[in-house]
S.K.: 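Here it is: the structure, laid out below.
All values derive from a computational prediction rather than experimental measurement. Chain letters run A, B, ... following the sequence lines, proteins first, then strands; residues in each count from 1.
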Amino acid sequence: MAQKPSIPKGTRDFSPVEMVKRNYIFDTIKEVFRIYGYQSIETPAMENLSTLMGKYGEEGDKLLFKILNSGDFISKVRDEQLKERNSVKLTTKISEKGLRYDLTVPFARYVVQHRNDITFPFKRYQIQPVWRADRPQKGRYREFYQCDVDVIGSNSLLNEVELIQVVDEVYRRLNINVVVKMNNRKILAGIAETIGEADRMIDITVAIDKLDKIGLDKVNEELLAKGIAEDAVEKLQPILHLEGTNEEKLNKIQEVISSSEVGQKGIEEMRTVFTYLSSLNVQTEVELDLTLARGLNYYTGAIFEVKAKDVEIGSITGGGRYDDLTGIFGLKDVSGVGISFGADRIYDVMLQLDLFPKESITSTKALFINFGEKEMNYCLPILAELRKNGIYSEIFPDSVKMKKQMNYANKKNIPFVILAGDNEIQENKVTLKDMNSGEQQLVDVVELIKILSK
RNA sequence: GUGGAUGUAGCUCAGUUGGUUAGAGCGCUGGAUUGUGGUUCCAGAGGUCGCCGGUUCAAAACCGGUCUUCCACCCCA
């Protein structure tokens, strides 16, 4: 036997059964996006590396899949550069394209490039795969789908609120219990400012992001290890201990960072969002979590993360506001906010909780048994008639043993089988067999369509 | 990227201190049943023991390398 074929690490094939379930998720998400007035776009799988590099932090650059240049690319590289054996430097010589890492940065590029054709505020959704050269684990793949919704060209906090409504609606429809965690980069900046480490915000937030995972002591350890001053870490402690309702947390943090202007702005923003939310009928719990940081460094305002309550799997949706993502591509003062649903993780959650509707498994509703040339000629117009009426139906293409044809129907979970031999043809009817009950009845085409349309 | 575990039939897994012809269940194919599937019974096919190399009279088993999957870290959807 030849060597078994395989697929790259962290990628997956999807069987028909799996695709039914995946499409259920995609369709649900899409439907909600459209109801809220978002329009669909797509961008290429690959972007110029110059578009991608430097947008996701140092770690992100490493996780980009790079595509080799076409042609005899290595002959153009000078010997000294080859001898240097510096992968990062050499990469810029032999690769100028990469697979997209997320949908937000390509979207920013899209907006800048098509700014004259876009009416702002621009509400778009985009459902496409992204690639990361990460080491795979459970719920972590090298190729996975993101479902992004963004509003760009509007500063209104109503957009943040609307995105929470979208989250609420999507997970209500999918029947997943979630909690939305929210924070604001301006508050985090205010905290950094207040403790006298304004320029170390990223290091501070990355550390405190791990609070509920590694505990307070380890967080403090990490902060000190990263060179944050001891008295600054000391000042941080009351913030790490915050408890109570969102309102109580906001009040306390407001006192602590009262001297910071950005911080006050962030608190004000959060208050506005919570006020909107309380007047709307949002069922999902929205929790202010001051330890939520999120790695992507283009976020400037609100940040979100959605966690499934009943499954340990990390976040299944995340996002935030970015005031100047288009700035790096030359379009200033365009603020956007967006979130991304992780379809693959949602799939894993739903599978674990057995939340997929049973009916959606069926595809074909009725199968015609093939008895031979004459019978086939009788069946084909009826088959066409069923299809015209929107009934998913098919005929077994070969006139083989009936056992095999019945078995096919059984395996494919087809609920009805249609038989037409000499007797049926003579009466101008067909025999309809219900595969679940085993019952059969002799019906004409009109009755057939009526029964199958149910 | 760092550290750990794993790999035997299509699938889930047995396989003793290294010893003759590597097994089971499920699935698959054929038959019992030529117009009746899902149940039952009978028969059959299917393996480079992940791959490459080493130790040995002898390797699925021991050693080295490599790849896959999984777990932790880093980071993240």
S.K.: When you measure only distances, ignoring hydrogens and angles, does the side chain of A:N410 come within 3.5 Å of the base of B:G38 through a donor and an acceptor?
M.R.: no
S.K.: Is any NZ, NE, NH1 or NH2 atom of the basic residue among A:D289 and A:K249 found under 4.0 Å from an Asp or Glu carboxylate oxygen of the other?
M.R.: no
S.K.: How many Å lie between CZ on A:R140 and P on B:C70, as a whole number?
M.R.: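 Value for this atom pair: 12 Å.
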S.K.: Tell me what A:G60 touches on the nucleic acid: a base, only sugar-phosphate, or nothing, going by heavy atoms under 4.0 Å.
M.R.: nothing
S.K.: Counting distance alone, no hydrogens or angles: does the base of B:U2 have a donor or acceptor under 3.5 Å from a partner atom on the side chain of A:R135?
M.R.: yes
S.K.: A:G10 near the nucleic acid: base, sugar-phosphate alone, or nothing, with a heavy-atom cut-off under 4.0 Å?
M.R.: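 It contacts sugar-phosphate atoms only.
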S.K.: At 4.0 Å (heavy atoms only), tell me whether A:S315 reaches a base, stays on the sugar-phosphate, or touches nothing.
M.R.: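 If one applies the 4.0 Å heavy-atom cut-off, A:S315 turns out to touch the sugar-phosphate alone, with no base involved.
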S.K.: Which part of the nucleic acid does A:N370 contact within heavy-atom distance under 4.0 Å: base, sugar-phosphate only, or nothing?
M.R.: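 Result for A:N370 = nothing.
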S.K.: With a 4.0 Å cut-off on heavy atoms, is A:D134 in touch with a base, just the backbone sugar-phosphate, or nothing at all?
M.R.: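 A:D134: base contact, heavy atoms under 4.0 Å.
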S.K.: Think A:K401 has a side-chain N or O under 4.0 angstrom from the OP1 or OP2 of B:G31?
M.R.: yes
S.K.: Do the side chain of A:E424 and the base of B:G35 come within less than 3.5 angstrom through a donor-acceptor pair of N or O atoms?
M.R.: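 In this structure, the two groups form a donor-acceptor pair.
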S.K.: Of the candidate nucleotides B:C73, B:U36, B:G27, which contains the atom at the shortest distance from the side chain of A:K411?
M.R.: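 From the listed options, B:G27 comes nearest.
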S.K.: In terms of side-chain heavy atoms of A:Q440, which of B:G35, B:C71, B:U36 is nearest?
M.R.: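 My answer, after comparing the listed nucleotides, is B:U36.
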S.K.: For A:L419, report the nucleic acid contact type (base, sugar-phosphate, nothing); a contact means any heavy atom under 4.0 Å.
M.R.: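 A:L419: base contact, heavy atoms under 4.0 Å.
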S.K.: Looking at A:K55 and A:E47, is any side-chain nitrogen of the basic one under 4.0 Å from a carboxylate oxygen of the acidic one?
M.R.: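 Not counted as a salt bridge, because no side-chain N and carboxylate O are separated by less than 4.0 Å.
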S.K.: Is the CE atom of A:M402 crowded by more than 12 outside heavy atoms at less than 6.0 Å?
M.R.: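 Yes.
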S.K.: Between A:K210 and B:C74, is there a contact of a side-chain N or O with OP1 or OP2 at under 4.0 Å?
M.R.: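 So the side-chain polar atoms of A:K210 do come within 4.0 Å of the phosphate oxygens OP1 or OP2 of B:C74, strictly under.
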S.K.: Under 4.0 angstrom, heavy atoms only, what part of the nucleic acid is A:Q146 near: base, sugar-phosphate, or nothing?
M.R.: sugar-phosphate
S.K.: So A:Y141, base contact, sugar-phosphate only, or nothing? Heavy-atom distance under 4.0 Å.
M.R.: base
S.K.: Quick one: is A:Q405 getting a side-chain N or O under 4.0 Å of the B:G37 phosphate, OP1 or OP2?
M.R.: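 For A:Q405, the contact criterion (side-chain N or O under 4.0 Å from OP1 or OP2 of B:G37) is not met.
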S.K.: For B:A77, is there a stacking contact with A:F144, counting only centres under 5.5 Å and planes under 30°?
M.R.: yes
S.K.: Salt bridge or not between A:E285 and A:K309? Use side-chain N to carboxylate O under 4.0 Å.
M.R.: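 Result for this pair is yes, salt bridge flagged.
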S.K.: Could you check whether the side chain of A:K433 and the base of B:U36 have a donor-acceptor pair of N or O atoms closer than 3.5 Å, going by distance alone?
M.R.: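 Under the 3.5 Å cut-off, the side chain and the base do form a donor-acceptor pair.
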S.K.: Taking the six-membered ring for Trp, are the ring centroids of A:F33 and A:F341 within less than 6.0 Å of each other?
M.R.: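 Distance test on ring centres: under 6.0 Å, yes.
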